[in-house]
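Presented below is the structure to which this report refers.
Just so it is clear, the values below take in all heavy atoms, side chains as well, and ignore hydrogens, waters and symmetry mates. Start at 1 with the first residue, then count along the sequence.
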Amino acid sequence: MITRREAAQRLDIPTEMATRHGLPPKLTEAQLREIEENPPAWLVQSRANRTGKKAVWVELECSVCGFTEQARPKKWWPTFTHLACEHHLPSELPPPHPGAVRAEYPGVGSRFIGIVDVPWEP
């Protein structure tokens, strides 16, 4: 069985849209395949309206241990140099490039800290 969230990820739609249009909390592979092969009108319209500027789902991956999760990107997320699980020490990450300073953004996904290395300007 597939959860509604997993189905939304595979259909590349927000979970809220899946709920609004009646996708059940659990689906079989056959049910999801039917939706993918014969998309309902609301899914066709959603895909037609997509501008492609912002991803619906992104895969987050820890630069230290490789843990991954799918998440909905937030407007405030910059382009991260690295992502690390909250329990990793800063020393476990690759060092910043020479002449760069490092900024941390906690609260990325369910357990990550986003790391951005930017050139230092005096």
Side-chain angles (χ1 to χ4, degrees):
M1 295 296 278
I2 302 166
T3 66
R4 181 184 294 144
R5 178 182 165 89
E6 292 167 331
Q9 291 170 357
R10 289 181 42 185
L11 294 171
D12 199 26
I13 61 172
T15 307
E16 301 81 13
M17 181 181 284
T19 303
R20 185 172 52 249
H21 290 287
L23 265 64
K26 300 272 186 187
L27 293 90
T28 64
E29 282 287 342
Q31 289 173 310
L32 184 59
R33 193 169 33 258
E34 176 62 26
I35 294 170
E36 290 173 327
E37 292 172 0
N38 299 303
W42 61 265
L43 183 56
V44 172
Q45 184 66 41
S46 172
R47 290 176 175 167
N49 290 342
R50 191 168 303 150
T51 61
K53 293 179 183 175
K54 180 180 163 192
V56 177
W57 294 94
V58 295
E59 183 173 279
L60 305 175
E61 182 177 356
C62 177
S63 297
V64 178
C65 69
F67 173 82
T68 62
E69 76 177 28
Q70 295 285 323
R72 297 283 311 276
K74 308 297 182 228
K75 291 179 183 178
W76 60 268
W77 287 1
T79 302
F80 297 116
T81 308
H82 300 286
L83 289 167
C85 297
E86 294 170 340
H87 63 272
H88 293 301
L89 298 172
S91 61
E92 295 179 81
L93 287 165
H97 296 293
V101 293
R102 184 161 274 178
E104 294 184 359
Y105 295 84
V108 177
S110 68
R111 66 191 303 177
F112 293 101
I113 296 174
I115 309 296
V116 177
D117 294 341
V118 293
W120 183 74
E121 295 182 20

Next item on the list: Look at the side-chain heavy atoms of Ile, Leu, Val, Met, Phe, Trp and Tyr, link any pair under 4.5 Å apart, and say whether L89 and L83 land in one connected group.
Entry: no

Search all heavy atoms of [X] against all heavy atoms of [Y] and return the closest pair with its distance.
X    : Y    : result
R102 : P96  : NH2-N, 3.5 Å
A71  : W77  : CB-CH2, 4.2 Å
E69  : S110 : OE1-OG, 2.5 Å
E61  : F112 : C-CE2, 4.1 Å
C62  : A84  : SG-CA, 3.7 Å
L93  : I115 : CD1-CG1, 3.7 Å

When you measure from the side chain of [X] to the backbone N and O of [Y], does any donor-acceptor pair fall under 3.5 Å?
X   : Y   : value
S63 : H82 : no
R72 : V56 : yes
R4  : L23 : yes

State, with a plain yes or no, whether a side-chain heavy atom of [X] is found less than 4.5 Å away from one of [Y].
X    : Y   : result
V116 : T79 : no
W57  : L11 : no
M1   : T28 : yes

Check: Do K26 and T3 pass the side chain to side chain contact (heavy atoms under 4.5 Å, CB included) test, and can you show the C-alpha distance, the side-chain angles, and the key distance before you say yes or no?
Finding: CA-CA 5 Å; K26 300 272 186 187; T3 66; 3.7 Å; yes

Next item on the list: Could you go through the side chain to side chain contact (heavy atoms under 4.5 Å, CB included) check for I2 and R10 one step at a time?
Entry: CA-CA 10 Å; I2 302 166; R10 289 181 42 185; 3.6 Å; yes

Margin query: Can you tell me how far apart NE2 (H88) and CZ (R111) are? Round to the nearest 0.5 Å.
Written below: 7.5 Å

Checklist line | Nearest-0.5 Å distance that lies between atom OG1 in T15 and atom CZ in R20 | finding: 11.0 Å

Note to self: Within a 6.0 Å radius of atom NE2 on H87, are there more than 12 heavy atoms belonging to other residues, nucleotides or ligands?
What the structure shows: yes

Note to self: Checking R47 now: which residues fulfil salt bridge (Lys or Arg N to Asp or Glu O under 4.0 Å) with it, not counting sequence neighbours?
What the structure shows: none

Check: Who passes ring-ring contact (aromatic ring centres under 6.0 Å, His included) against W42, sequence neighbours left out?
Finding: H21

